[in-house]
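Presented below is the structure to which this report refers.
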Amino acid sequence: MRIRPGRFVVLAVALLTASAALPATAANGQERQHSPSHPSSGGLSAVIRYTEYGIPHILAKNYADLGFGTGWAQAADQVCTLADGFVTVRGERSRFFGPDAQPDGSLSSADENLSSDLYFRGVRATGTVEKLLAEPAPRGPSRDSKDLMRGWAAGYNAWLAQHRITDPACRGASWVRPVTAVDVAARTFALAVLGGQGRAVDGITAARPPATPAARTAVAIPDARSAARAAQKLFDTADMGSNAVAFSGATTANGRGLLLGNPHYPWQGGRRFWQSQQTIPGELNVAGGALLGSTTVSIGHNARVAWSHTVATGVTLNLHQLTLDPADPTTYLVDGKPERMTRRTVTVEARGGPPVTRTQWWTRYGPVVASLGAGLPLPWTSTTAYALNDPNAENLRAPDTALGFGRARGTEDVLTTLRRTQGLPWINTIAADSGGHSLFTQSQVLPRITDELAQRCSTVLGKALYPSSGIAVLDGSRGDCAPGSDPDAVQPGIFGPAKMPVLKDAPYAENSNDSAWLANTDRPLTGYERVFGSIGSPLSTRARGAKTDVSAMAAKGELTVRDLQAQQFANRATSGDLIADDTARACAALPGGTATGSDGRAVDVGEACGVLKAWDHSMKTGSRGALLFDRFWRRLTAVTAPAQLWKVPFSAADPVHTPNTLNTEAPGVATALADAVSELRAAGIALDATLGAHQVVVRGDRRIPVPGGTESLGVWNKVEPVWDATAGGYTEVTTGSSYIQAVGWDGGRCPVARTLLTYSQSSNPNSPHFSDQTRLFSEGKWVTSRFCEKDIASSPGLRVIRVGEHR
């Protein structure tokens, strides 16, 4: 890292300011007990200033020290969740939790601990992560990134050495242990391959060569139609996605940019966000949310630019259909020449039983896979097998991308960083800056599958999968069918920056996990390859609602941060606008006010008609009728195909407003209404009950109402709640709005930023920050960002600690 002039003078001033701001209460006995008064001069150290809601502002003199403070502070809030993730990437879940138990899904799609361990132990045994760390930048991580990883591990370990764990999730657990920089990098690797090898862990670890003649003659090609449906479902982002919009200065009150980021991520487990500010005076000053275990801010802002991410539609993997040597199913042919597969034998310790040893099979293309999810089997016979290509298995560059964003002075620097590092595996980037610029780009690491290559080299299965899902299945027996390389690509086999969809300086740039096509409905993006996503296809209901909202905002103009805040908590249900009134009228027209449920019983639905008619079409906690509509809509869409649901079908010429007009004569409409009414009555829930009375999360002895709604309702403020009628309705959230930020500029030195971490900083029920921001989320309130030094120093709850390797 290059030392900038005056840097240590700036650091000294900042430290003096922080020390002067330390309240008397911060120096009590408990604080002294848990914090080193002066770090050892020979070890890593940092200063952490905590402001309201437990948000740490980490101050350090270099990247290793910054990593130290970050690892220390993350451990203080999330030690059990972090430790669980390190057990995963070390391949030790079976040892500590048993081979048959299920991981939380945050670091791979493995259904059981054993398959998770077999995969990650294989990664360890082959030194995959170490090899990536050794690659010179830009193909490998920079020195700054590696210093952050080293420091993060040291900070995490120092917290463990200096504290007693109070979280009951891992208090006294033997699996909570110190970590290394390789462990930290392995977690970054796991996130990188989440959409590729991580999606196929069960298929990788279950792949076996056929052992008998009968097995060797099994059908090698899955049914094309069912395979296509399974492939589409495999890449459905309904369980985890995001919204983000950047407005250019042409739409704002002061000519400066605005950004609203609303990622939808898990509320529990290892893919939670954690909020902080990272500062190296004169070098880096960035605030935002980081995925747990990350050394850098993932979504955030600095003084001049703000950015967010959404899960992209790009397909991060492809398959190669292998032609096998009839005499040996572990040998495959390329251009007529035999190549032996590589055996990767892995042994996993298992609690309560002997060690388990399995063999994985790897090829020049990647691992052999037995399936891509339960719905897409890929049988290995005497003539055919399938290998998975995941270019992100060579990508440890995401931290450098994040660092580049943190140093950026505008959206052009964001784009330059993406072109230089090419480190984002499965996300889009949306950004705005103080100069009034907006940006959308789908700059992600994708296998270089052009439409021409897919046309020339697709197998029979590939011809079914590629048009519908973007998954290419290429002829692995031909060397000319491997993904090519672009001259501007940082690694072989991926698209270079020139091929990425980019939209610059549009009045608005928005994405809700749809393709790049309609980031702005007036400036559609076309010309990209199918692997990036579709063009001219139906949008999700959430995307339709988002496009409607943000285009109206841009047309109105004079926008401010307050408008972003209002959009986040408008909680408008797009599907309600589309069909609620038609449903109420159809309900009122039912003979005798009754409908027949799926069990054949007649149900009095007369009351429901009035409730639906009076509903305000929102998913606010005080909305009456929202719960009834939600339960009705879930049932209707589960049993009614889109072709039967709508009178007006989708049109690519009007993608935001079609399909529309509910087909009230579809048999599922009355049945779904009857079933929803019966369900609520059986649970003792009034049909006109407020949403907040029955959509809650339970934290301690408190029920906290939760606004928002499920994917198919089309609510910007998406939440995916868990239904438990016996407990009174929805009692937990699996995924949904997570680290939210609304950012703008007013011409001063400090950005105008409002943030919210919906599930709060800590998963420890004994922490004061276990649910404090969750209560804010319930009430539609925000945290005012304390980015500048004067704002940090003026925090009424300021707590300053100095942390180091030695007490």
Side-chain angles (χ1 to χ4, degrees), residues 1 11 14 18 35-36 39 43-51 54-79 81-83 85-86 141-163 178-188 191 270-281 283-302 398-407 739 757 761-763 769 786-787 792 799-805:
M1 180 187 66
L11 177 62
S35 305
L44 298 175
S45 64
V47 170
I48 304 175
R49 289 86 57 80
Y50 283 98
T51 58
I55 299 171
H57 305 258
I58 303 156
L59 187 64
K61 63 181 180 296
N62 57 46
Y63 284 101
D65 285 340
L66 185 65
F68 181 90
T70 303
W72 196 99
Q74 281 195 32
D77 287 324
Q78 294 285 353
V79 64
T81 305
L82 290 165
F86 288 121
S142 68
R143 177 181 175 182
D144 292 341
S145 285
K146 288 187 279 191
D147 282 349
L148 279 169
M149 294 176 191
R150 173 172 61 87
W152 196 103
Y156 177 89
N157 294 341
W159 189 91
L160 284 181
Q162 297 171 23
H163 292 78
V179 301
T180 67
V182 172
D183 292 326
V184 178
R187 193 170 187 133
T188 302
L191 289 172
R271 225 181 299 160
R272 282 172 54 131
F273 283 101
W274 175 83
Q275 189 174 358
S276 70
Q277 182 175 359
Q278 295 181 312
T279 304
I280 301 174
E283 171 71 17
L284 178 74
N285 194 13
V286 59
L291 290 178
L292 283 178
S294 298
T295 59
T296 54
V297 167
S298 309
I299 289 175
H301 68 87
N302 59 28
D400 278 306
T401 303
L403 281 179
F405 287 3
R407 299 165 180 150
Y739 172 72
L757 189 62
Q761 279 284 82
S762 178
S763 55
H769 308 299
R786 294 187 178 274
F787 184 79
I792 297 171
R799 182 168 61 95
V800 182
I801 59 176
R802 296 171 177 80
V803 298
E805 289 188 276

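Side-chain atoms are counted along with the backbone in the values below, which use heavy atoms only and exclude waters and symmetry mates. All values derive from a computational prediction rather than experimental measurement.
- Going from atom CG of Leu284 over to atom CG of Asp144 covers 9.5 Å, rounded to the nearest 0.5 Å.
- When all heavy atoms of Lys146 and Pro141 are compared, the closest pair comes out as CE-O, 3.6 Å.
- Two rings, from Phe68 and Trp72, have their centers 6.0 Å or more apart.
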Using the side chain to side chain donor-acceptor pair (under 3.5 Å) rule, take Thr51 and His57 through it: C-alpha gap first, then chi angles, then the decisive distance, then the call.
CA-CA 8 Å; Thr51 58; His57 305 258; 2.8 Å; yes
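- Considering all non-hydrogen atoms of both residues, Asp183 and Phe86 come closest at O-CE2, 3.7 Å.
- The distance from atom OH of Tyr63 to atom OG1 of Thr295, rounded to the nearest 0.5 Å, is 11.0 Å.
- In this structure, the separation between CG on Leu59 and OG1 on Thr279 is 6.0 Å, given to the nearest 0.5 Å.
- Between Thr188 and Pro399 there is a side-chain heavy-atom pair separated by less than 4.5 Å.
- With hydrogens and angles disregarded, a donor-acceptor distance shorter than 3.5 Å links the side chain of Asn157 to the backbone of Val179.
- Atom CZ in Arg49 sits 7.0 Å away from atom CD in Gln277 (nearest 0.5 Å).
- Leu291 and Ser298 make their closest contact through N-OG, 3.2 Å (heavy atoms, listed as atom of the first residue, atom of the second, distance).
- Shown here are the ring-ring contact (aromatic ring centres under 6.0 Å, His included) partners of Phe273, two or more places apart in sequence or in another chain: Tyr265.
- Smallest separation of non-hydrogen atoms from Ala290 and Ser294: CB-CB, 4.4 Å.
- Salt bridge status for Arg272 with Asp77: absent, with no side-chain N to carboxylate O gap under 4.0 Å.
- When side chains are defined from C-beta on, Val79 counts as touching Leu160, because their heavy atoms get closer than 4.5 Å.
- Between the side chain of Gln78 and the backbone N or O of Gln761, at least one donor-acceptor pair lies under 3.5 Å.
- For the pair Lys61/Ser45, a side-chain contact is recorded, criterion being any heavy-atom separation below 4.5 Å from C-beta on.
- To the nearest 0.5 Å, the span separating CG on Asn285 from CZ on Arg407 amounts to 13.0 Å.
- Between Trp159 and Val803 the shortest side-chain heavy-atom distance does not fall below 4.5 Å.
- Here the side chain of Arg187 pairs a donor or acceptor atom with the backbone of Leu292 at under 3.5 angstrom.
- The two residues Gln162 and Glu805 make their nearest non-hydrogen contact at NE2-O, 3.8 Å.
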For a side chain to side chain contact (heavy atoms under 4.5 Å, CB included) check, start with the C-alpha distance between Tyr50 and Ile801, then their side-chain angles and the critical distance, and finish with the verdict.
CA-CA 8 Å; Tyr50 283 98; Ile801 59 176; 3.8 Å; yes
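- Taking CG from Asp400 and OG1 from Thr296, the interatomic distance works out to 9.0 Å, rounded to the nearest 0.5 Å.
- Residues Thr70 and Trp274 form a side-chain contact, since some pair of their non-hydrogen atoms from C-beta on lies under 4.5 Å apart.
- In terms of heavy-atom proximity, Gly293 sits nearest to Trp152 at CA-CZ2, 3.9 Å.
- Between the side chain of Gln278 and the main chain of Ala60, no donor-acceptor pair closer than 3.5 Å is present.
- Checking side-chain atoms of Asn302 against main-chain N and O of Val286 turns up no donor-acceptor pair under 3.5 Å.
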